[in-house]
Colleague: 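Got a structure for you, written out below as structure tokens; questions coming shortly.
The shown structure was predicted, so the numbers you read here are calculated from the model rather than taken from an experiment. First the proteins, then the strands, lettered A, B, ... as listed; each starts at 1.
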Amino acid sequence: MNNAFPEILQCSDMTVLERQKAPLQRQQEQLQQQEKQQQSYFSELRGVFSNQTSHVQGLQGGLLSGDSLLCDMVMTPQAKPDPGLETARSELGNIDIAGMGFGQCGYVNGPSFDMNYAIYRTSSCPPAVVAAAVATEGVEAKGKESVESEKLGSAIGRESFKKRKADKLHCSKVVAEDDSKRIKACAEERESKITGPNTNKSSSSNNNNKKQTSTETSKENSKFSKVQKPDYIHVRARRGQATDRHSLAERVRREKISERMKYLQDLVPGCNKITGKAGMLDEITSYVQSLQQQVELLSMKLAAVNPKLDFNIDNLFAKQLFASCTTTFPTVGMLSEMANPPYLQFNPVQQVVSCREVEMGMGMGMEINSPDMALQRTINAPLSIPDASFLDSSCLAQFQSSAAWDVELQNLYNVGFDQEGSTTPFPSQPFTGTKS
Amino acid sequence: MSPMNNPQDLNPSSLKSRFTTRFLRALTKINGQKPISSSSPREMFQRYRRIKVAADKSMAWSVRSRRTWSRAMLWKLRSRYSCRQASSSRRSSVRTSTIIKSRQAKTSHEKENKNTTTGQDEVGFVVQADKLRKLVPGGEAMDLCNLLGETAHYIKCLTTQVQVMRKIAHFYSL
């Protein structure tokens, strides 16, 4: 078996390189295509090692249950000496799949070293633990505590992500890839694409893995873009960062917060120069305080204002809509004020409706009318006071010239007094107004 | 004031128009309740308070319950109103006070829960975030992420409120 090993490694190198190139093409492809490729990869695996299909299945089954084992493995001391490799080699027969899995995933530099570690790890483990061993192998191979924990965390995360996936093949394949840095690179790339639906992060290159002996694959992996899917928020774990669920969720939160801070920065004037969240928060707080103080000041001002005029919405709209008719506002206001008491006696609804209809039929071309009336319709329903204002504004809306306003409003006022409850004069008034 | 500088006002369903109608209605009511002729400081102050409450209430009503801050503000106003009524009647004061206390306890409990989560993640901003929480109604019981979103909407509504009130004040001060 020992002699067979280098041969396998050599042929695995070729496949590894091929597979390393494949992810680049897969970048643009959809997830399903990736899954197909992975499935074909697995069939390849099975084809090469046909006598070990049962092991593969065992591996798959074991991988899914390997979460707890992985966690346990994290606790075990990471550094292990090489001498154990000799003994491990003798037990290749039991761990062919795992070893082949390693080989398939590829070692570009010093494959034997990693392979030996993989063998060492997996030799004493049942198939159920093989996955965990495989994962820890990769972790140890890195030689860095933080990276290792990340990898384990990522492996754990991937395990948990896999659980959501019905396809066990992906799980096993991904975990099998976890043994080396490059494998991890491949795995991350495929992993995050697989787990795209389950996680949400945007990707960016990370310096972490550059500290490791990097290959082209690692650099290629850093260029991956966000996977697009309509129903999920996709997260791509950054290279070298933890991919366990908690850290990913935290990262999502942080990104949400930074996004909202940017939005607030646009909202609050004068925030462009300030950088840093603390300063921004201070600025936002002071802005909210200033706005609230402005509201208080204005309410005090409104309390102090002695309203000769009635607080009718028609006056406000009139001022906004007809800037030219500023001179008539006081008269309008007074008229409305005076007209209010008598109008209150009416049954306002009928007249309102009739006037509205008339105005609609008038076709004055005042597109402002409809929203104006729609607005007032809401006011008119509960209270009777606004009805007078409605009538005023309805007439106001029709009369363009300021001179006509006084006349028509006077007419309306008189009519209102004279003909209570009658609807006919109202239509006539607007008509006469337009004619004049 | 330019004539058509606010096309939003013409949209009857916009926030601005909703707030404007409600606020004007409230103002009419306030002015109708008491004669305006008296200008003693005390009466002025009372009117100021009422107008301020009306402004806040109209703003919160325009937003309905879509936002946490509007719900919190409406609840606060309602509880204050009921408390005031209770104090005048002196019958259900104990009941309302207990209700208010229970609600406060609930919000503080929520705040504690939320604070533990926020404290873990956002270490540096807790002090500033607390200041913001006190300003935004209902902010005590929100995590930082939601607090920022609510603050953004609250700022937007406050600016609308200020705009409309300024226009009204300007209009009626002429």
Side-chain angles (χ1 to χ4, degrees), chain A residues 250 253-254 256-257 260-261 263-264 267-268 277-282 284-285 287-289 291-292 294-296 298-313 315-317 319-324 326 329-330 367-368 370-372 374-379 382-383 385-386, chain B residues 1-6 9-13 17 20-21 24-25 27-28 30-32 36-37 39 44-52 54-56 121-122 124-125 127-129 131-132 135-136 143-145 148-149 151-152 154-156 158-159 161-162 165-169 171-174:
Chain A
E250 276 179 31
R253 240 186 109 258
R254 261 178 264 139
K256 256 197 224 172
I257 286 173
R260 289 184 186 189
M261 293 286 287
Y263 179 65
L264 274 168
L267 215 54
V268 176
K277 286 195 202 168
M280 273 291 306
L281 277 174
D282 282 336
I284 291 165
T285 314
Y287 185 62
V288 169
Q289 265 177 346
L291 280 176
Q292 285 176 342
Q294 277 181 28
V295 167
E296 288 190 17
L298 283 168
S299 63
M300 211 180 273
K301 196 174 176 187
L302 279 172
V305 157
N306 194 1
K308 308 167 280 278
L309 319 169
D310 198 354
F311 282 110
N312 280 328
I313 198 164
N315 297 331
L316 204 64
F317 275 114
K319 179 151 189 187
Q320 285 175 352
L321 301 175
F322 310 97
S324 60
T326 51
F329 286 150
E367 61 275 9
I368 300 155
S370 31
D372 197 1
L375 187 59
Q376 289 164 339
R377 212 169 288 150
T378 60
I379 312 167
L383 299 179
I385 293 174
Chain B
M1 210 181 297
S2 59
M4 305 288 279
N5 62 346
N6 299 320
D9 249 5
L10 310 177
N11 176 15
S13 62
S17 54
T20 315
T21 56
L24 283 175
R25 216 188 298 178
L27 276 178
T28 326
I30 290 171
N31 286 326
I36 305 157
S37 55
S39 59
M44 270 274 251
F45 182 74
Q46 280 181 1
R47 272 180 65 223
Y48 147 69
R49 293 290 313 199
R50 270 196 217 114
I51 288 175
K52 181 164 176 292
D56 288 339
D121 303 327
E122 308 291 341
F125 323 123
V127 176
Q128 288 90 359
K131 277 192 220 162
L132 194 57
L135 285 177
V136 175
D143 57 338
L144 186 66
C145 193
L148 291 177
T151 309
Y154 185 58
I155 285 175
K156 190 180 108 179
L158 274 179
T159 48
Q161 199 175 3
V162 165
M165 288 175 76
R166 197 175 282 158
K167 274 190 196 162
I168 295 175
F171 178 66
Y172 286 109
S173 63
L174 288 176

Colleague: Kindly write out the residues that satisfy salt bridge (Lys or Arg N to Asp or Glu O under 4.0 Å) with K131(B), not counting sequence neighbours, or none if the list is empty.
Modeller: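 In terms of salt bridge (Lys or Arg N to Asp or Glu O under 4.0 Å), with neighbours along the sequence ignored, K131(B) is linked to D282(A).
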Colleague: Nearest 0.5 Å, what's the NZ-CG distance between K156(B) and L267(A)?
Modeller: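 Answer rounded to 0.5 Å: 9.0 Å.
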Colleague: Nearest 0.5 Å please: distance from the CG atom of L144(B) over to the CD1 atom of I257(A).
Modeller: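 Interatomic distance, L144(B) CG to I257(A) CD1, rounded to 0.5 Å: 4.5 Å.
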Colleague: Select, from M280(A), Q292(A), K301(A), the one with the greatest count of heavy-atom pairs under 4.5 Å involving chain B.
Modeller: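 Greatest number of close heavy-atom pairs with chain B: Q292(A).
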Colleague: As a test of understanding, state which of V136(B), T151(B), L132(B) forms a side chain to side chain contact (heavy atoms under 4.5 Å, CB included) with T285(A).
Modeller: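 Result: among V136(B), T151(B), L132(B), L132(B) is the only option passing the side chain to side chain contact (heavy atoms under 4.5 Å, CB included) with T285(A).
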Colleague: Does a side-chain heavy-atom distance below 4.5 Å link Y287(A) with T159(B)?
Modeller: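 Contact flag for Y287(A)/T159(B) side chains = yes.
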Colleague: Count the heavy-atom pairs under 4.5 Å between each of V162(B), L158(B), L135(B) and chain A, then report the option with the highest count.
Modeller: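 Ranked by heavy-atom pairs under 4.5 Å with chain A, first place is L135(B).
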Colleague: Short question: side chain of Q161(B), backbone of V295(A) - any donor-acceptor pair under 3.5 Å?
Modeller: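 Side chain of Q161(B) to backbone of V295(A): no pair is present.
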Colleague: Look up atom CZ in R47(B) and atom CE in M300(A), then write down how far apart they are to the nearest 0.5 Å.
Modeller: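 Here the interatomic distance stands at 12.5 Å.
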Colleague: Name the region of L264(A), side chain, backbone, both or neither, that has any atom closer than 4.5 Å to a heavy atom of chain B.
Modeller: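 Just the side chain, heavy atoms under 4.5 Å.
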Colleague: Name all residues meeting the ring pair (Phe, Tyr, Trp, His ring centres under 6.0 Å) criterion together with Y48(B); count only those two or more places apart in sequence or in a different chain, and write none if there are none.
Modeller: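 Result, ring pair (Phe, Tyr, Trp, His ring centres under 6.0 Å) vs Y48(B): F45(B).
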Colleague: Taking all atoms of both residues into account, what is the closest heavy-atom pair of M165(B) and S299(A), and its distance?
Modeller: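 Closest approach of M165(B) to S299(A), heavy atoms only: CE-N, 3.6 Å.
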Colleague: Could you tell me whether a side-chain N or O of R260(A) sits under 3.5 Å from a main-chain N or O of C145(B), the two making a donor and an acceptor?
Modeller: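 Side chain of R260(A) to backbone of C145(B): a pair is present.
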Colleague: Mind checking the CD1-CG spacing from I168(B) to L298(A)? Nearest 0.5 Å is all I need.
Modeller: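 It is 9.5 Å, given to the nearest 0.5 Å.
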